[in-house]
Number of protein chains: 2
Amino acid sequence: MADPPSRADAIRNRARILAAAAEVFDTHGTSASTEEVARTAGVAVGTVFRHFPTKADLLTALMKDLRERLAARAAVLAEEGDGTALFTFFAEVVEYAAGARTVVHLLAADIGVDRQVAALGMEVLLARAEEAGTVRAGVRADEVTALLAAACHGALSGGWTPDLRRRTVARLLDGLRP
Amino acid sequence: MADPPSRADAIRNRARILAAAAEVFDTHGTSASTEEVARTAGVAVGTVFRHFPTKADLLTALMKDLRERLAARAAVLAEEGDGTALFTFFAEVVEYAAGARTVVHLLAADIGVDRQVAALGMEVLLARAEEAGTVRAGVRADEVTALLAAACHGALSGGWTPDLRRRTVARLLDGLRP
DNA sequence: TGACAAGATGAGTGGTGACTCATAATTTAG
DNA sequence: CTAAATTATGAGTCACCACTCATCTTGTCA
């Protein structure tokens with residue numbers, strides 16, 4: 001499985017499995033069974049395990065995808081936005097996380113904060129905010145990432161209402177402002 | 001099992017099981033097996049299930065205990081402390097949570113934020129802080145509890161170093177100050 | 001102390017979920 | 001179109017875990 005599949009149906013199935021996994025894990029959490037992923041993809045279990053020898057491998061592929069999407073979004077905001085881009089990004093991710101459980105998994109321990117910081121492009125956003133003077137002096141990127149991870153965790157498993165979520169995120173961001 | 005056990009050894013075993021469960025679940029999380037709890041308690045599995053017919057019952061008993069301890073601590077701080085008692089309590093709970101996984105379980109969805117607020121005595125601490133003017137106007141108890149839950153989650157599964165944990169909590173509390 | 005009830009024991013049950021593999025079905029190159 | 005290689009299938013294996021129960025042990029009380 002080191003090499004990418006060559007046959008057309010194999011490529012199609014790989015994509016289907018990834019899409020199904022994203023849906024299933026976002027909805028039911030990463031404890032959902034591989035069998036359910038296979039069912040959702042319209043494929044047999046063996047096929048899932050052919051493409052991803054381990055459930056962890058499937059998760060990893062999913063995380064890579066998600067990390068890239070978040071990094072891309074951060075890059076866009078850093079490019080277009082002003083000093084508030086950092087806050088916009090933060091709020092957006094939490095809103096997204098509230099409906100998609102895999103984000104939390106991405107931000108969890110096994111990925112490592114340092115790599116997260118780099119991957120998410122948080123440093124660039126923070127630098128922009130510092131230039132614009134919209135962020136308190138001395139705030140570091142790993143703190144912001146940690147706060148983001150905490151907020152995502154809370155929003156997901158804390159059973160927060162949308163209203164409470166927004167108020168809480170606002171309080172959180174208040175702590176970053178001058 | 002509705003009535004408490006009457007025999008001396010049964011009472012002793014019940015206490016042992018609770019202590020073992022606290023240790024095991026704090027260390028390995030609530031997914032640790034009942035068998036391991038029994039082993040740690042020096043007791044057979046059947047004995048655990050005699051005292052707590054369900055793993056959930058065991059967890060519930062543990063949560064009740066923990067909630068009471070936290071509430072008691074909050075009460076003491078509210079009594080003795082000044083306007084900063086809220087912040088002290090917050091920081092203490094996060095520090096404790098960093099080494100004991102069950103706190104997160106307590107603060108999670110199935111307990112409900114409203115009951116948490118009341119049970120933790122967060123309202124009293126918040127009122128004290130308001131009187132003293134150490135807290136920003138408009139901050140509500142459920143927001144503080146939500147932030148606390150988020151911080152505990154992050155501290156546990158985010159793999160934060162002690163240093164990052166303290167800095168992050170400080171940022172978080174900054175958002176609550178005037 | 002004797003005897004009965006309350007409690008303890010731990011192999012066993014049922015269910016679940018990750019992962020395998022012999023076989024069948026497709027794809028594709030020649 | 002056909003053969004060889006690649007991929008798909010899904011029943012089966014293995015391990016784990018919550019929970020049960022027939023049997024044995026121990027505390028208690030007369």
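Residue numbers start from 1 in every chain, and the chains themselves are labelled A, B, ... in the order their sequence lines are given, proteins ahead of strands.
With sequence neighbours excluded, the residues satisfying side-chain contact (heavy atoms from CB on, under 4.5 Å) with B:D82 are B:T84. B:E68 pairs by the salt bridge (Lys or Arg N to Asp or Glu O under 4.0 Å) definition with B:K64, not counting sequence neighbours. Applying the salt bridge (Lys or Arg N to Asp or Glu O under 4.0 Å) test to A:R140 and every residue at least two apart in sequence or in another chain returns nothing. Judged as a salt bridge (Lys or Arg N to Asp or Glu O under 4.0 Å), and not counting sequence neighbours, the contacts of A:R73 are A:E92.
By the rule that hydrophobic residues join a cluster once side-chain heavy atoms approach within less than 4.5 Å of another member, A:L147 and A:L70 end up as members of one cluster.
In this structure, the CZ atom of B:R16 is 14 Å from the C1' atom of C:dG7, given to the nearest Å.
Both A:I11 and B:D9 sit near DNA chain D, but only A:I11 has its closest nucleotide nearer the 5' end.
Residue B:P5 places its side chain closer to C:dG7 than to any other of D:dT28, C:dT26, C:dG7.
Within the structure, no pair that satisfies the ring-ring contact (aromatic ring centres under 6.0 Å, His included) test touches residues 7-45 of chain A, not counting sequence neighbours.
Phosphate contact (OP1/OP2 of D:dA8, side-chain N/O of A:H51, threshold under 4.0 Å): present.
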Determine, for nucleotides 9-25 of chain D in 5'-to-3' order, which nucleotides have protein heavy atoms under 4.0 Å from the base (write B), from only the sugar-phosphate (write S), or from neither (write -). BB------SSBB-----
